[in-house]
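One structure is given below, encoded as structure tokens.
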Amino acid sequence: MNTTYNHIGEMAQDWRRELEHRKDDLIDQVAYLDEKIELIENVGMMVEENRKLHTELDETRGQLDEEKRKNAELEMKLAEMSKLSAGVAKKTSQDDFEKALRIFLNISKRKTVTKREAAKTVITEMLTSAKLDIPDDIRDMLDHLDDDQSEPKVVNVQGNYNDIHDNGTVNQK
């Protein structure tokens, strides 16, 4: 009987060790599963963070595209304004040149034939070398600058100059 109790005691001890061993294995498995669950939760949080970042990235890309579009539009406007400014500056200087040339030609009409011929030669050579285009009316004035002109007529006005202009109107008799 003693042997039976000893044998039962040994068996109980073996079962206890086996159950303890299985318990430790189950605890290890639970810890392993807890780690996997935590990993899955972290992956879920990372996926959510990644989704938020992609949304922000898409919004930022949209803003960048809009800024690029605005920048291109402003660059185009700047280029147009530069061209316009250059054109206005060229046109203004051309207008000033034409005005000065008209004045010079009108004044030169009153000079002697020799001086008119010299002026015509100088102006023609200047326009040719600079390859400048001038309006037809100035071209005609220049072409006829050295033509023989009859003596200028002298017109005498009798009367008081102030009387005529202080009236505000011209009286005809």
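As a basis for the values below, the full set of heavy atoms in this structure was taken, side chains included, without hydrogen atoms, waters or symmetry mates.
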task = To the nearest 0.5 Å, tell me how far Thr121 OG1 sits from Leu142 CG.
result = 9.0 Å
Please report, to 0.1 Å, the donor-acceptor pairs under 3.5 Å made by any side chain of residues 122-136, with sequence neighbours excluded.
| residue | atom | partner | partner atom | Å |
| --- | --- | --- | --- | --- |
| Thr124 | OG1 | Lys120 | O | 2.7 |
| Thr128 | OG1 | Thr124 | O | 2.8 |
| Ser129 | OG | Glu125 | O | 3.1 |
| Ser129 | OG | Met126 | O | 3.2 |

query = Roughly how far, to the nearest 0.5 Å, is CD1 of Ile138 from CZ of Phe104?
reply = 13.0 Å
inquiry  = According to side-chain contact (heavy atoms from CB on, under 4.5 Å), who are the partners of Glu66, at least two apart in sequence or on a separate chain?
reply    = Arg69, Lys70
task = Would you give the length of the straight line joining atom CG of Asn71 to atom CD of Glu67, rounded to the nearest 0.5 angstrom?
result = 8.0 Å
note = Distance col, row Asp140:CG vs Leu105:CG, nearest 0.5 angstrom, shows 11.0 Å
Indicate every side-chain donor-acceptor pair of residues 10-26 with a distance under 3.5 Å to a residue at least two apart or in another chain.
| residue | atom | partner | partner atom | Å |
| --- | --- | --- | --- | --- |
| Asp14 | OD1 | Arg17 | NH2 | 2.4 |

Below 3.5 Å, can you tabulate the donor-acceptor pairs from side chains in residues 27-40 to any protein atom, sequence neighbours excluded?
| residue | atom | partner | partner atom | Å |
| --- | --- | --- | --- | --- |
| Tyr32 | OH | Lys36 | NZ | 3.4 |

request  = Apply side-chain contact (heavy atoms from CB on, under 4.5 Å) to Lys115 and list each qualifying residue two or more places apart in sequence or on a separate chain.
outcome  = Lys111, Thr112
Report, one line per pair, each donor and acceptor closer than 3.5 Å where one atom sits in a side chain of residues 44-64; sequence neighbours left out.
| residue | atom | partner | partner atom | Å |
| --- | --- | --- | --- | --- |
| Glu48 | OE1 | Arg51 | NE | 3.4 |
| Glu48 | OE2 | Arg51 | NE | 3.3 |
| Glu48 | OE2 | Arg51 | NH2 | 2.4 |
| Asn50 | OD1 | His54 | NE2 | 3.3 |
| Thr55 | OG1 | Arg51 | O | 2.9 |
| Thr60 | OG1 | Glu56 | O | 2.8 |

remark   = Applying side chain to side chain donor-acceptor pair (under 3.5 Å) to Asp137 and not counting sequence neighbours gives Arg102
ask   = Which ILVMFWY residues can you reach from Ile8 by hopping between side chains whose heavy atoms are under 4.5 Å apart?
value = none
